[in-house]
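Since the structure comes first, as structure tokens, the remarks are kept for the end.
As the structure is a computational prediction, the values presented were derived from the model and not from experiment. Every chain is numbered from 1 and lettered A, B, ... according to where its sequence line falls, protein lines coming before strand lines.
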Amino acid sequence: MSEIKKEEEKSLNFIEEIIEADLASGKHKSIITRFPPEPNGYLHIGHAKSICLNFGLANKYGGKTNLRFDDTNPVTEDTEYVDSIKEDVQWLGFEWANEFYASDYFDQLYTFAVKLIEKGLAYVDDSTPDEIAQQKGTPTTPGVRNEYAGRSVEENLKLFEEMRDGKYPDGAKVVRAKIDMTSPNMHMRDPIIYRIKHAHHHRTGDKWCVYPMYDFAHGQSDSIENITHSVCTLEFIPHRPLYNWFIEQLEIYPSHQYEFARLNLNYTVMSKRKLLQLVNEKHVSGWDDPRMPTISGLRRRGYTPASIRDFCDRIGIAKRENIIDVSLLEFCIREDLNKTALRRMVVFDPLKVTITNYPEGEVEVLHSENNPEDPNGGVREVPFTRELYIEQEDFMEEAPKKFFRLAPGKMVRLKSAYIIQCNEVVKDETGKVTELKCTYIPESKSGSDTSGLKVQGTLHWVSIPHAINCEVRLYDRLFNAEDPQSEEGDFKDYINKDSLHVIKGAYAEPALKNTTFDERYQFLRKGYFTLDKDTSAEGMIFNRTVTLKDAWAKEQKK
RNA sequence: UGCCCGAUAGUAUAAUGGUAGUACGACAGAUUUUGGUUCUGUUUGUCUUGGUUCGAAUCCAGGUCGGGCAACCA
């Protein structure tokens with residue numbers, strides 16, 4: 001009940017308003033949307049916004065969503081991308097009603113072009129690309145029509161057929177819609193609708209050597225599928241008159257296009273072209289590098305589908321350009337993982353601690369909760385011994401007042417174990433601290449503490465004889481600039497050289513021995529982690545999904 | 001200098017002619033066997049100038065600023 005109320009109270013975005021009005025007026029009985037990626041790259045978080053929007057709309061209003069590959073350009077497209085896109089959409093948690101391809105409609109599209117020619121609304125043009133660009137004019141000066149526009153219907157029909165039959169080389173001829181060379185909208189100045197490409201298509205093979213342009217495929221594909229609300233990004237606004245013109249002239253189902261602002265995230269780039277460059281030039285290890293804003297990168301990093309959906313829900317849908325703060329994405333994943341991740345202890349930068357009053361060779365099995373946020377989460381066993389590792393950074397010889405950790409003479413609690421006191425600092429010749437000699441307070445055992453002592457800090461630790469050596473990979477933002485592409489020079493000049501920090505000598509508590517790829521962990525006081533696919537028999541490798549909020553780091557900056 | 005979009009706290013996003021609200025962030029405090037979580041509080045906003053109106057973030061006009069448009073890409 002309260003759930004329904006909450007739903008009602010949440011305000012609608014402008015597309016939902018349009019849909020509700022269309023449903024209320026009877027313009028549509030139900031809705032159909034589509035997600036139309038071009039299979040020429042991997043999906044990124046910006047696509048996730050579009051996916052969540054399109055599928056979310058259909059879910060909310062009881063409609064359906066098609067997955068349609070916009071594969072009209074065989075030279076850049078590949079089945080590798082088709083497969084990755086399908087995997088990513090499914091992983092995000094969405095099911096498409098139909099899997100379609102623009103290439104499914106090539107025959108129909110060809111017929112549409114013929115119809116336009118027959119109506120005297122399209123012609124074959126032999127001009128070179130340069131000439132066409134010349135004649136097109138500029139946004140402030142009108143274009144001019146050339147002599148080819150005067151060809152007869154019969155001649156155009158014959159030429160188009162010959163183009164289709166492979167009589168001409170690439171670029172020799174194009175088909176253009178005859179609209180208005182003086183239109184203030186450049187897209188209406190006799191746009192090219194078909195071009196010759198003797199290229200192998202990932203689905204239709206060598207059947208075609210003429211391929212429709214985006215503008216001549218997208219709207220018609222929407223129409224063929226009876227898409228009621230065709231949602232795309234802002235840069236297609238000037239295409240809308242053309243979208244409508246084709247539908248009107250072809251007298252087919254009137255789909256309508258609506259535009260929203262694409263997602264931008266700060267400290268990253270979000271164009272397939274730039275992401276491809278990062279991959280090709282080896283600035284990252286691949287499309288699924290955990291630093292990439294791709295769906296596959298986020299997945300490998302440890303982001304959950306729910307957290308990404310939540311993020312897309314929170315950023316909203318509007319028409320103004322925006323740059324979302326990554327801190328919101330991080331908030332979403334922390335919120336999800338805090339409730340579900342298993343707590344474990346891992347020391348990244350070990351400092352040996354010897355408990356001088358603890359018997360040599362003794363092993364005490366302690367228990368620690370798997371997740372304090374989950375009352376049913378249970379506990380795990382943690383062995384305690386005389387020799388332990390703690391974090392180097394958790395000890396300071398000369399500690400400031402606000403340092404709540406270990407220092408000579410000071411006491412801290414070891415999580416789920418005992419309170420210890422530091423009695424002696426052991427150093428090597430260079431003065432580096434190599435070991436701490438401490439004593440433990442036997443009455444301070446976690447869960448049955450009768451010591452009456454109050455300490456300010458609690459540290460994570462591992463028993464040296466039980467510690468598992470592992471590798472952890474810490475990630476930071478890929479770029480130093482908030483908006484790398486708007487900065488002076490090349491966006492790659494702003495790559496963060498320290499975006500990857502590998503620690504090979506980390507030590508994990510033994511409960512981590514049974515780690516699986518689906519499990520998410522919180523390494524206490526360190527952040528959220530998940531197993532990386534590079535893990536092998538040689539050892540476990542963990543990716544840091546996101547840090548914990550760190551009030552101490554903030555304090556230090558002051 | 002043509003056409004098209006847009007402008008509400010630091011960042012996003014509501015308010016659909018009637019009290020400018022929410023989230024994230026930031027800051028302060030409480031709780032805490034994670035300097036996590038949780039809780040409480042604080043801070044900051046309608047681009048501008050006119051007009052319509054009892055009343056304007058909202059409607060109208062002018063301006064300013066930002067973005068997009070001249071691929072045989074999508």
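Between the C1' atom of B:U34 and the CD atom of A:Glu509 lies a distance of 13 Å, rounded to the nearest Å. Note: NZ (A:Lys557) to C1' (B:G35) measures 14 Å, nearest angstrom. The distance from atom CG of A:Leu337 to atom P of B:U37 is 13 Å, rounded to the nearest whole Å. Counting to the nearest Å, the P atom of B:U13 and the CD1 atom of A:Ile315 are 9 Å from each other. Taking atom CG on A:Leu242 and atom P on B:C4, their separation rounds to 17 Å, with Å as the unit. If you take CG of A:Asn322 and P of B:C24, they are 18 Å apart, rounded to a whole angstrom.
The phosphate of B:A26 has OP1 or OP2 within less than 4.0 Å of a side-chain N or O from A:Lys554. Contact check, A:Lys549 against B:G35: no side-chain N or O comes under 4.0 Å of OP1 or OP2. Of the side-chain N and O atoms in A:Arg320, one or more sit less than 4.0 angstrom from OP1 or OP2 of B:U8.
Annotation: B:U38 and B:U53 have their C1' atoms spaced 49 Å apart (nearest Å). B:G63 and B:A71 have their P atoms separated by 29 Å, with the value rounded to a whole Å. Nucleotides B:G55 and B:G50, compared at atom P, are 16 Å apart to the nearest Å. Using P as the reference atom, B:G10 and B:C47 are 12 Å apart when rounded to the nearest Å. The same atom, C1', is picked in B:A9 and in B:A20; the two are 11 Å apart, to the nearest Å. Comparing the P positions of B:C69 and B:U11 gives a spacing of 24 Å, expressed to the nearest Å. Nucleotides B:C73 and B:G21 are separated by 43 Å at their C1' atoms, to the nearest Å.
Nucleic acid contact class of A:Leu524 (heavy atoms, under 4.0 Å, all strands): base. Using a 4.0 Å heavy-atom distance criterion, A:Glu330 is classed as making no nucleic acid contact. Among the atoms of the strands shown, base atoms are found under 4.0 Å from some heavy atom of A:Phe403. Note on A:Lys415: a base of the nucleic acid sits closer than 4.0 angstrom, heavy atoms only. Residue contacts for A:Ile419: at a heavy-atom cut-off of 4.0 Å it reaches no nucleic acid atom on any strand shown. If you check every strand for non-hydrogen atoms under 4.0 Å, A:Gly143 touches nothing.
Residue-to-nucleotide contacts include a donor-acceptor pair under 3.5 Å from the side chain of A:Arg405 to the base of B:G35. The base of B:U33 sits within donor-acceptor range of the side chain of A:Arg413, with an N or O pair under 3.5 Å. Contact annotation: side chain of A:Glu373 to base of B:U38, donor-acceptor pair absent below 3.5 Å. Scanning atom types as modelled, one donor and one acceptor separated by under 3.5 angstrom connect the side chain of A:Arg343 and the base of B:U34. Below the 3.5 angstrom threshold, one finds no donor paired with an acceptor across the side chain of A:Ser416 and the base of B:U33.
Using a 30° and 60° split on the angle between ring planes, A:Phe106 and A:Tyr211 fall in the perpendicular class, above 60°. Aromatic ring pairs are classed by plane angle as parallel below 30°, tilted from 30° to 60° and perpendicular above 60°; the pair A:Phe216 and A:Phe246 is perpendicular.
In this structure, A:Asp190 pairs ionically with A:Arg145, as a charged nitrogen and a carboxylate oxygen lie closer than 4.0 Å. A salt bridge does not link A:Glu369 with A:Arg343: none of the charged nitrogens is closer than 4.0 Å to a carboxylate oxygen.
Put simply, the side chain of A:Leu459 reaches to within 4.5 Å of the side chain of A:Arg525, judged on heavy atoms. Residues A:Ile18 and A:Tyr258 have side chains in contact (heavy-atom distance under 4.5 Å, counting atoms from C-beta outward).
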May I have the list of side-chain donor-acceptor pairs in residues 232-240 of chain A shorter than 3.5 Å, sequence neighbours left out?
{"from": "A:Thr233", "atom 1": "OG1", "to": "A:Glu235", "atom 2": "OE1", "distance (Å)": "3.0"}
{"from": "A:Thr233", "atom 1": "OG1", "to": "A:Glu235", "atom 2": "OE2", "distance (Å)": "3.1"}
{"from": "A:Glu235", "atom 1": "OE1", "to": "A:Arg262", "atom 2": "NH1", "distance (Å)": "3.4"}
{"from": "A:Glu235", "atom 1": "OE2", "to": "A:Arg262", "atom 2": "NH1", "distance (Å)": "3.0"}
{"from": "A:His239", "atom 1": "ND1", "to": "A:Asp215", "atom 2": "OD1", "distance (Å)": "2.7"}
{"from": "A:His239", "atom 1": "ND1", "to": "A:Asp215", "atom 2": "OD2", "distance (Å)": "3.3"}
{"from": "A:Arg240", "atom 1": "NE", "to": "A:Glu259", "atom 2": "OE2", "distance (Å)": "2.7"}
{"from": "A:Arg240", "atom 1": "NH2", "to": "A:Glu259", "atom 2": "OE1", "distance (Å)": "3.1"}
{"from": "A:Arg240", "atom 1": "NH2", "to": "A:Glu259", "atom 2": "OE2", "distance (Å)": "3.3"}

Notebook entry, point to check: Using a cut-off of 4.0 Å between protein heavy atoms and nucleotide atoms, how would you tag nucleotides 62-74 of chain B 5' to 3' with B, S and -?
Noted result: -----S-SB-BSB

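Neither side chain, A:Gln220 nor A:Tyr105, offers a donor N or O lying under 3.5 Å from an acceptor on the other. A donor-acceptor pair shorter than 3.5 Å cannot be found between the side chains of A:Tyr303 and A:Asp336.
For A:Tyr81 and A:Tyr42, the gap between ring centers is short of 6.0 Å.
Note that the CG atom of A:Leu265 and the CG atom of A:Asp483 stand 11.0 Å from one another [nearest 0.5 Å].
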Notebook entry, point to check: When Watson-Crick pairs (N1 to N3 and N6-O4 or O6-N4) and G-U wobble pairs (N1-O2 and O6-N3) count only below 3.5 Å on both distances, what is the dot-bracket string of RNA chain B, with | for other-strand pairs?
Noted result: .((((((..((((....[..)))).(((((.......)))))....(((((..]....))))))))))).....

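Nearer to the 5' terminus of RNA chain B, by closest-nucleotide assignment, is the contact made by A:Asn13 (compared with the other of A:Leu459 and A:Asn13).
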